[in-house]
Amino acid sequence: MTGEPVRTYRIALIGGDGVGPEVIAGAVSVLEAAGRRFGFSFAWQELTVGGIGIDTYGVAIRPEDVEAARAADAVLLGAVGGPKWDNPDAAVRPEQALFALRGGLGLFANLRPITVQPQLIAASPLKPELLEGVDCLIVRELTSGLYFGKPSEQRETPDGRAAIDTLWYTEAEIRRIVTLAFELARGRRRKVTQVDKANVLATSRLWRKVTEEVHADFPDVELEHRLVDSAAMTLAKWPAGFDVLVTENLFGDILSDEAAVIAGSLGMLPSASIGTRVTQHGRHGLYEPIHGSAPDIAGQDLANPLGTILSAAMTLRWSLGQPEAAAVIEAAVSGALDDGYRTKDLLPAHPAGAEALTLVGTREMARVIGDRIAI
Ligand code: IPM
Ligand code: MG
C-alpha cells in the first residue's frame, strides 16, 4: 500500500542583509524539524534581494524575484539594508525591495502580535506589573499612505530646497484593513482601537468615518478611537489595555517598534503581511521578524532567531494550513526560554538571576528549538 504523497510547500526565502541570512537559516531548520514531525516537506527557493541584490544585480529586487515570491505558497524574509547602502541620494536602496513585494503582491495588512513571554519579563525595561496580561495585535496598513503616495521628492525652489511626501488614503483602502481588524478582534478580546491624528489630518478623519461605518457590521466588537500621540503614551503606561490596534502605515511602523520594547527585545517579535489572495493551502503572505538587519552583530552568531522562528510559525498558521505545527513551534520557543536558553539580547537588564541562564548563539538557539520539536 502506498501512503499519501508527502505534501510539499513552496517557500521563497529572502535572507537579505546583515543578520538576515543567519536568522533565516535558523527558521529553515525549525520548519524542517516541524515537517519531519508532521509529515510535510518544503521546496525552498532562495532569492537574492536587498543590499545584496544591489551588489549582485544593480537593483534591490528584480521583477522575476517578485514573480517568484508570488508563485510561492509564502515568502520568508530575514532583513534588508545596512550602512553600505545608506546614501540618502542613491537611486537604488535595499528597502525598495520591501515596497516592491508589499505593493506588488498586494500585502495590505501587516499583523504584528505583541505578547510578553513570562520568562522574559526581567529583560523588559518596563515595570513587571505593567507587563501582566499584555496581548495585543497591531494591524498596520502596509501598501498606502506616506510610503506610497505620489509625489514624493525633493525640489529646488526660489527659496531653496523643499521636499514633499503625499499622505493619501482611499475609502476602499481603509475599509479592507479595518474590516480585517474587526474580524481578527472577534477571535480575541473583541476590542479595536483605531489610531489616528484626526484633530489635524484629513486622512485621519476619513479613517474615523469609514471605521465607524464598518463597525456597524461588528456590533459585538468594542471600538475606541485614539489619537496617535495618546496611543504612544498609553502603550508605555498600560499596554495590557489594548487588544487590536488598527492604524495607517507610518503610525503603525512607529507604534510597533515602541510596542516591541514591551516584549523585552525587538528580536522576539514576528510579523505577517497578507492580502486577499488565497493559495490551495491558505492566504498568500510574507513573514519576517520586526527587527532589522543589525549590521553591528552580523556574521557573529549573535542574533536572536526567535522573531524569525515565530514568523515561521505564523507562516504555517496563515499560509500553509498547519496550525498544529505552528503551535508546536511556539511551544518549543517557550520551552527553550523556560529551560533558560537566552541569546545575548535576552539577558536580564540586572545581572541578578542571570546565573541560571545559558547564553547561546543564533545556531544553538535554533538547534535547541528544533530538538524540542523532534520529540
Ligand atoms: C518595518 C521597517 C520598514 C518600514 C523599513 C525598513 C522601510 O521599519 O518593516 O517596520 O518602515 O516599513
Ligand atoms: Mg519599522
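Just so you know, residue 1 is the first one in the sequence shown, and it goes up from there. Whatever order the structure lists ligands and atoms in, that order sets their numbers, starting from 1.
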Near ligand 1, at a heavy-atom separation below 4.0 Å: residues by chain and residue number: Glu95, Leu98, Phe99, Arg102, Arg112, Arg140, Tyr147, Asp253

Aromatic plane relationship, Phe218 with Phe182 - under 30° parallel, 30 to 60° tilted, over 60° perpendicular: parallel

side-chain hydrogen bond (donor to acceptor under 3.5 Å, both in side chains) partners of residues 76-87, not counting sequence neighbours, each pair once: Asp55-Lys84, Asp55-Trp85

Plane angle bin for Phe40 and Phe42 - parallel if under 30°, tilted between 30 and 60°, otherwise perpendicular: perpendicular

Worked check of side chain to side chain contact (heavy atoms under 4.5 Å, CB included) between Leu31 and Ile329: CA-CA 8 Å; Leu31 281 170; Ile329 291 179; 4.3 Å; yes

Neighbour count above 12 (heavy atom, 6.0 Å) for Glu324 CD: no

Heteroatom N/O/S of Asp253 within less than 2.8 Å of the Mg ion (ligand 2): yes

Candidates Phe99, Tyr169, Trp168 - the one meeting ring-ring contact (aromatic ring centres under 6.0 Å, His included) with Tyr147: Phe99

